[in-house]
2 protein chains.
Amino acid sequence: MKFEKTLLSGSNAMLILSLLSDGDKYGYEMVRELKRRSENVFELQEGTLYPLLHALEKSGDVKAYDKTTPAGRERRYYHLSEKGAQRLQEKIREWRFFSEGVNTVLGAAAPSLG
Amino acid sequence: MKFEKTLLSGSNAMLILSLLSDGDKYGYEMVRELKRRSENVFELQEGTLYPLLHALEKSGDVKAYDKTTPAGRERRYYHLSEKGAQRLQEKIREWRFFSEGVNTVLGAAAPSLG
DNA sequence: CAGTTTACATCGACAGTCAAGGTATGTCAA
DNA sequence: TTGACATACCTTGACTGTCGATGTAAACTG
């Protein structure tokens, strides 16, 4: 099933931070992990992810460091900072507030929603 | 409480259609009604609403007609078409699918969400 | 009769996302 | 060893949705 990409707006940062709250990860890994965790609902594009990671790094929500695998492959890992963890909690609150608001409006018009 | 405006992206059309599923309404009315129904969570801007209504009219999801109040005030009412009603149902499905996806990802990282 | 509310509308700017493309290296099978 | 594919990072230009500001005009209110 597909849904409008625009629904995603603003939630990607939250989802990224959420992934990182479970342990340090590198970009490419996040794309797969997000897809896996959401049961294929979300397919984060790299063109969205990398600029987002850079922005999160700049704002201090994540810290980046490089690491090379035994095989010799370079990876850029991201670590959730204390600030980022707080930001995640705030975003989760916002999300719940927002989604409940939507459901309230929908429920008012169509009580059979469930 | 505030939340990122960008979270709204894509959901406004659904909310508008939802309002209209409850009966014909004019623009200005929708702004107040949405605010009321969502318990002040959503404050739809007129600069967002009117272009959106025009787009929905163009796509055939709503039909517009003019009506003058006894007081002499002109109003442009919008009526949800059959096509619009179907579109609303589709958008609601998308929304539920999307929000459940988000909650799944958040839940995986923070099981204490409940 | 001045100020506020109602009512519709447009404009320029901005943020988030995407598709497409670019670079480079490791893996694996023919 | 060559060619295809997966990994891994990144940038660019375009598009969409929203916002804030602003405009216009009529009706209500003190």
Side-chain angles (χ1 to χ4, degrees), chain A residues 2-17 24-36 41-59 61-62 64-78 91 94-95 98 102, chain B residues 2-17 24-36 41-59 61-62 64-78 91 94-95 98 102:
Chain A
K2 296 282 177 202
F3 48 82
E4 271 190 81
K5 316 280 187 184
T6 48
L7 272 180
L8 281 165
S9 266
S11 60
N12 272 331
M14 174 178 69
L15 295 175
I16 296 290
L17 293 176
D24 297 2
K25 286 179 185 55
Y26 56 96
Y28 201 77
E29 186 182 7
M30 296 183 213
V31 174
R32 288 176 310 189
E33 180 70 3
L34 184 60
K35 186 176 173 180
R36 192 188 64 77
V41 174
F42 302 125
E43 299 197 28
L44 185 58
Q45 305 303 309
E46 294 179 54
T48 303
L49 175 65
Y50 290 109
L52 219 169
L53 285 174
H54 300 158
L56 289 173
E57 189 182 0
K58 200 175 172 185
S59 63
D61 293 312
V62 302
Y65 59 95
D66 294 316
K67 206 164 146 188
T68 308
T69 64
R73 187 176 288 284
E74 275 271 322
R75 285 171 180 166
R76 190 155 185 78
Y77 279 84
Y78 290 88
K91 278 177 172 295
E94 286 181 17
W95 159 252
F98 164 75
V102 170
Chain B
K2 296 282 176 204
F3 49 82
E4 272 190 80
K5 315 279 188 185
T6 48
L7 271 180
L8 280 165
S9 265
S11 58
N12 272 331
M14 175 178 68
L15 296 175
I16 296 290
L17 293 175
D24 297 2
K25 287 179 184 55
Y26 56 97
Y28 200 77
E29 186 182 8
M30 295 183 213
V31 174
R32 288 176 309 190
E33 181 70 4
L34 184 60
K35 187 177 172 180
R36 191 188 66 76
V41 174
F42 302 125
E43 299 197 30
L44 185 58
Q45 304 303 309
E46 295 179 56
T48 303
L49 175 65
Y50 290 110
L52 218 170
L53 285 174
H54 301 159
L56 288 173
E57 189 182 1
K58 200 175 173 187
S59 63
D61 293 312
V62 302
Y65 59 95
D66 294 317
K67 205 164 147 187
T68 309
T69 64
R73 189 178 285 284
E74 275 271 322
R75 285 171 180 167
R76 190 153 185 80
Y77 279 83
Y78 290 88
K91 277 177 173 295
E94 286 181 18
W95 159 252
F98 164 74
V102 170

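None of the values given here were measured: they were computed from a predicted structure. For the numbers below, each heavy atom of this structure counts, side chains included, while hydrogens, waters and symmetry mates do not. Naming convention: chains lettered A, B, ... in sequence-line order (proteins, then strands); numbering from 1 in each chain.
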Whole-Å distance separating the [atom1] atom of [X] from the [atom2] atom of [N]:
X: B:Tyr26; N: C:dC8; atom1: OH; atom2: P; value: 7 Å
X: A:Tyr28; N: C:dT27; atom1: OH; atom2: C1'; value: 13 Å
X: B:Glu43; N: D:dG17; atom1: CD; atom2: P; value: 22 Å
X: B:Phe42; N: D:dC19; atom1: CZ; atom2: C1'; value: 16 Å
X: B:Lys58; N: C:dA9; atom1: NZ; atom2: C1'; value: 17 Å

Q.
Tell me which residues in residues 65-75 of chain A lie within less than 4.0 Å of DNA chain C, going by non-hydrogen atoms.
A.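 Those residues are A:Ala71, A:Gly72, A:Arg73.
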Q | Side-chain (A:Thr48) to main-chain (A:Leu44) donor-acceptor, under 3.5 angstrom | A |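 No; zero donor-acceptor contacts below 3.5 Å.
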The criterion is side-chain hydrogen bond (donor to acceptor under 3.5 Å, both in side chains); which residues satisfy it with [X], sequence neighbours excluded?
X: B:Arg36; value: B:Glu33
X: A:Tyr65; value: A:Asp24
X: A:Arg76; value: A:Asp66
X: A:Thr68; value: A:Glu74

Q: Sort out for me which residue in B:Arg73, B:Lys67, B:Arg75 forms a side-chain hydrogen bond (donor to acceptor under 3.5 Å, both in side chains) with B:Tyr26.
A: B:Arg75
Q. Counting only side-chain N and O atoms of A:Asn12, is one of them less than 4.0 Å from OP1 or OP2 of C:dG16?
A. no
Q. Do the side-chain N or O atoms of B:Gln45 get closer than 4.0 angstrom to the phosphate oxygens (OP1, OP2) of D:dT18?
A.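 Answer no for this pair, as no side-chain N or O of B:Gln45 is under 4.0 Å from OP1 or OP2.
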Q: Please assess A:Leu17 against A:Val62 for the test side chain to side chain contact (heavy atoms under 4.5 Å, CB included), listing each intermediate value before the final yes or no.
A: CA-CA 8 Å; A:Leu17 293 176; A:Val62 302; 4.0 Å; yes
Polar atom pairs (N or O), protein with nucleotides 10-15 of chain D, under 3.5 Å:
unit_1: D:dC10; atom_1: OP2; unit_2: A:His54; atom_2: NE2; d: 3.3

Q.
Please find the pair of heavy atoms, one from B:Ser11 and one from A:Phe98, that lie closest to each other, and give the distance.
A.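 Closest heavy-atom pair between B:Ser11 and A:Phe98: OG-CZ, 3.8 Å.
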Q: Please name the pair of heavy atoms, one in B:Leu53 and one in B:Gly27, separated by the smallest distance, quoted to 0.1 Å.
A: CD1-CA, 4.2 Å
Q: Check the pair A:Val102 / B:Phe42 against side chain to side chain contact (heavy atoms under 4.5 Å, CB included), numbers first and verdict last.
A: CA-CA 9 Å; A:Val102 170; B:Phe42 302 125; 3.7 Å; yes
Q | Distance, nearest 0.5 Å, that separates CD1 of B:Ile16 from CG of B:Leu34 | A | 6.5 Å
Q: Mind grabbing the angle between the end helix axes of the helix from C:dC1-D:dG30 to C:dA30-D:dT1? Five pairs an end, 10° rounding.
A: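 Comparing the axis at each end, I get an angle of 20°.
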